[in-house]
There are 2 protein chains.
Amino acid sequence: MDVEQFRKAGYQAIDRICDYYYSLQEKSVVSKVEPGYLRGQIPLTPPEEGEDFQVIADDYQKLIAPGLTHWQHPSFFAYFPTSCTFEGILGDLYASSMACNPGFNWSCSPACTELEAIVMDWAADLLGLSDAFKNSSGVGGGVIQTTASDSALVTVVAARSLYLSRHPDTKMEDLVIYVTTQTHSLGAKAALVLGLRLRSIDVTQEDSYSLRVATVGTTSTGAVDNLPEIREVVKDYPSLWVHIDSAWAGSALACPENRDKLYLNEINAFAYSFCSNFHKWGLVNFDCSTLWVRDRKHLTDALDITPPFLRTKHGDAGTVIDYRNWHLGLGRRFRSLKLWFVLRGYGVSGFQSYIRQCIAMNGVFAKLVEKSDILEFVTKPSLALSVFRVVPKLESEKQQALSQESLNELNRLFYGRISARDDIMLTQTSLNGIFCVRLAVGASRTTEKHMHDAYSVIEKEAKAAIEVWDQTVNGVALIG
Amino acid sequence: MDVEQFRKAGYQAIDRICDYYYSLQEKSVVSKVEPGYLRGQIPLTPPEEGEDFQVIADDYQKLIAPGLTHWQHPSFFAYFPTSCTFEGILGDLYASSMACNPGFNWSCSPACTELEAIVMDWAADLLGLSDAFKNSSGVGGGVIQTTASDSALVTVVAARSLYLSRHPDTKMEDLVIYVTTQTHSLGAKAALVLGLRLRSIDVTQEDSYSLRVATVGTTSTGAVDNLPEIREVVKDYPSLWVHIDSAWAGSALACPENRDKLYLNEINAFAYSFCSNFHKWGLVNFDCSTLWVRDRKHLTDALDITPPFLRTKHGDAGTVIDYRNWHLGLGRRFRSLKLWFVLRGYGVSGFQSYIRQCIAMNGVFAKLVEKSDILEFVTKPSLALSVFRVVPKLESEKQQALSQESLNELNRLFYGRISARDDIMLTQTSLNGIFCVRLAVGASRTTEKHMHDAYSVIEKEAKAAIEVWDQTVNGVALIG
């Protein structure tokens, strides 16, 4: 493909992306394809001769598009938001067109390192993080990682290295990662990857430990760990590294009204490291997991490996950041560009408006649930996330006799019906044995109408589920 | 930004990328900016109000572009190739515009998982890998990782898990990663991250061990570990996991004439896992590190964590691949799309032509070095990589009296001069104490003329370095 063929194919790609966003609302949220749909439609081996790009682009529309689930659809309420913005798409486009494999050294492409250092300070500012976490402090600093799992892994490696340097006789088996049962699986995965012990309990003073992952806004329910209590417990253990994972909820710190309930002061006072994913609720296309540490040396002490072929005069002189020593891999994409585009395109006020809009939309839904006879919250709605379940309205005696398992059975029926639909997408979770359903708002195109529609669908399927459950499972008579 | 504003900004981005590639040859290869150039040109905090995208796009041209090193420039011979193609850019563009955070579950976006499974089979086919590594085998399989470091980390975690499951009484401290001194730093980094022991020596039978990283085409010199010998040694140790890292050279397996020297038969016969980075020499924009394993269960046994909110009916039924259990993080980008676009756009024959062209260009350079009086190869040129140094032509007595350190001093002078230039980019390395310079060909726009120009520059700077060295360092008279 020569430059002019690229121009033509590029314009067409832009046009097709425009078409996509114009028609998004009319699409099903959920892809209707069945497992294995693509095999049989694509040859088993690559073509011997190159093909015309028009054929390839058309095959994308014909074969791939039908197998996509539309995360930007206004009725997508599953998992968590992954807000995609035009500014983010353009940032990725410029970055990928340079293919400068940037940033493993400063010299690889100075702009990539320098922009990341500055924009991470912008992002810290947006979220209200203390200056101690900024690159301009010269001590702390921020770096873009791929996912919150990577951020957690890097953090655990640094914490382990720090603890072992201070307590060189410690055995690996005595190091423990503390999480709660509601910590994202990234905690368990870090333990699995690193071969460390994991305790899903509250911190107790009897144990020795090297790391505590606390969560501000859990994936499952949006719960916020009690940071003031943790602060009390950990203050006698200076070697304990507290990592705050706020992958989803962190973006809400952009709005001052959320900062107290998300314990910003505590984060600023005692967190060793803090992670928020701008690729979740922060308007930046995947991937952009922002990680800040209070002392960058903890990362580089743990991760610096500089073979001769990566040495440069600036790196040797220590005058520049070599970001490769701040993360697990070596090569890295130029991800700060899209973060810069988004923060400039929206401005602080635009970013705040988006967050407030999502929270308001969840509020619309929450009000409807509160009034409902057959839906109840399992936990208090948190920011833009509601966790609820179906509870039939029965005579009080029968209501009391309902077992947890019977209610779970009802809710599995309900969720089965919801997930058989393609016009809305929600996800399930389990909370201390209670089967429940999550609704997470994040698409910027979601309006009040979509919330009312969502509620109607949910109420309809809840009623239908109760009917089936009543007839086949429970045999309990409904009131009304 | 609304859809029409995006269309305008998108067309402009495409046009500017076209301009970039039209003007690439006239640019300096190396960015001339100094450390800290960007601070002061960008405000310290994000704007309060959103800005017009035209201002942002123009700032990209004005502030960022001057700080980029041009990896696609025909005179970029540093590090390793990171071939960027228009097909790859378009693949990334379509993928990022969907922002479907694909693939952590099949259900997240079925097309993403299904295309990856198919295209990884295509790539295995292209490189001549055995059917045992293909997803269609149902046992082995391929997955796209971010970097070769990630691929190595995943592999080590799986190897450790496998070994411990078979030898449950093993202590973590007794597990060893074997590499050679020329293995990429990814081996050392994996050991550092995982807290495992690393031995940079040849395998000896006295040791117990869990993993051997062998390299086909080292970064430093393009050396190929002696796989037939390793195969002999390891056959008595079925628990030893042999990972073949061929991050750079793996793409050359696409050409049948390279397969014997890269030991393809051995790879197919006994490697547990194999990694090649299509984002290096494989025409795909960063990132696209392809990892194949002989038994996918080794990955999922080590890495499967499925919290309730990620459970789906298809995943529970085991009818689909959930790629999140094949790598370290959770979220993942839709990277198979660009690999698909590239393999279709080039076809097998186009891919082979590109590889052969790079090798031929290195051959042009190598012929010139062979004829030179003052340059010599430190190792035999390997594929598209030459590793050489300056050696002055002296009377034989004086030549013999030259110390290694004195020659190293000369070559540091030489490399200092080369790296002060902005019209060519090479990198240094060190080989058993010998300071040497690497020239790696990979840009698709590199022609014979660029190789002759590169040689002229190198010869000129070598002569100038010899002169300075002769006067100030060595005091040895030059002949002629």
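Every chain is numbered from 1, with letters handed out A, B, ... down the list of sequences.
Of the listed residues (A:Thr85, A:Asp304, A:Asp15), the one with the most heavy-atom contacts under 4.5 Å to chain B is A:Asp15. Among A:Gly88, A:Ala65, A:Pro43, A:Gly67, the residue with the largest count of heavy-atom pairs under 4.5 Å with chain B is A:Gly67. When the candidates A:Trp122, A:Phe435, A:Tyr22 are compared by the number of heavy-atom contacts under 4.5 Å with chain B, A:Trp122 comes out ahead. Contact count versus chain A (heavy atoms, under 4.5 Å) is highest, among B:Arg16, B:Arg7, B:Lys134, for B:Arg7. When each of A:Ser349, A:Gly416, A:Ser161 is scored by its heavy-atom pairs under 4.5 Å with chain B, the top score falls to A:Ser349. Between chain B and the residues A:Asp287, A:Asp92, A:Ile17, A:Val157, the largest count of heavy-atom pairs under 4.5 Å involves A:Ile17. Here B:Ser149 is the residue among B:Ser151, B:Ser419, B:Ser149 with the most heavy-atom pairs under 4.5 Å with chain A. In terms of heavy-atom pairs under 4.5 angstrom with chain B, the leader among A:Asp150, A:Leu337, A:Val30, A:Leu431 is A:Leu337. Comparing B:Ala188, B:Gly36, B:Ala78 by how many heavy-atom pairs each has under 4.5 Å with chain A, the most go to B:Gly36. Note on B:Asp52, B:Asp2, B:Val3: by heavy-atom pairs under 4.5 Å with chain A, the leading option is B:Val3.
Although no hydrogens or angles enter the test, the distance criterion places a donor-acceptor pair under 3.5 Å between the side chain of B:Thr69 and the main chain of A:Ser107.
The distance from atom CG of B:Leu343 to atom OG1 of A:Thr45, rounded to the nearest 0.5 Å, is 11.0 Å. Interatomic distance, NE2 of B:His327 versus NZ of A:Lys189, reported as 5.5 Å (0.5 Å rounding). If you take CZ on A:Phe86 and OG on B:Ser97, they are separated by 9.0 Å, rounding to the nearest 0.5 Å. Taking CG from A:Asp125 and CG from B:Leu44, the interatomic distance works out to 9.0 Å, rounded to the nearest 0.5 Å. Note: B:Arg160 CZ to A:Leu192 CG = 7.5 Å, rounded to the nearest 0.5 Å. Taking OH of A:Tyr60 as the start and CH2 of B:Trp340 as the end, the distance is 9.5 Å to the nearest 0.5 Å.
The two residues A:Gly10 and B:Ile14 come nearest to each other via the heavy atoms CA-CD1, 3.6 Å. A:Phe6 and B:Cys18 make their closest contact through CD2-SG, 3.8 Å (heavy atoms, listed as atom of the first residue, atom of the second, distance). Pairing each heavy atom of A:Thr147 with each of B:Gly331, the nearest pair is CG2-O, 3.6 Å. Looking at every heavy atom in both residues, B:Ser96 comes nearest to A:Cys84 through O-SG, 3.6 Å.
Considering only heavy atoms from C-beta on, A:Tyr94 stays 4.5 Å or farther from B:Ile64 through its side chain. Within the 4.5 Å cutoff, the side chain of B:Leu90 has heavy atoms near those of the A:Met1 side chain. Using a 4.5 Å heavy-atom threshold, the side chains of B:Leu194 and A:Val193 count as touching. The shortest distance between side-chain heavy atoms of B:Pro46 and A:Phe351 does not fall below 4.5 Å. A:Arg333 is listed as a side-chain neighbour of B:Arg333, based on a closest heavy-atom distance under 4.5 Å.
Of the atoms belonging to B:Leu115, heavy atoms from both backbone and side chain fall under 4.5 Å from chain A. Only the side chain of B:Leu153 comes within contact range of chain A, with heavy atoms under 4.5 Å apart. Of the two parts of B:Ala302, only the backbone, made up of N, CA, C and O, holds a non-hydrogen atom closer than 4.5 Å to a non-hydrogen atom of chain A. Contact of A:Tyr346 with chain B is made through the backbone alone, with heavy-atom distances under 4.5 Å. For B:Tyr11, the parts lying near chain A are the backbone and the side chain together; criterion is any non-hydrogen pair under 4.5 Å. Interface residue A:Phe341: backbone and side-chain heavy atoms are both found under 4.5 Å from chain B. Heavy atoms closer than 4.5 Å to chain A are found in both the backbone and the side chain of B:Glu34. Heavy atoms of B:Pro66 lying under 4.5 Å from chain A are absent altogether. Within the 4.5 angstrom heavy-atom criterion, no atom of B:Gln145 approaches chain A.
With sequence neighbours excluded, the residues satisfying salt bridge (Lys or Arg N to Asp or Glu O under 4.0 Å) with B:Asp59 are A:Arg344, B:Lys62. When the side-chain hydrogen bond (donor to acceptor under 3.5 Å, both in side chains) test is applied to B:Gln12, the partners found at least two apart in sequence or on another chain are B:Gln54.
Remark: B:Arg39 engages A:Asp121 in a salt bridge, criterion side-chain N to carboxylate O under 4.0 Å.
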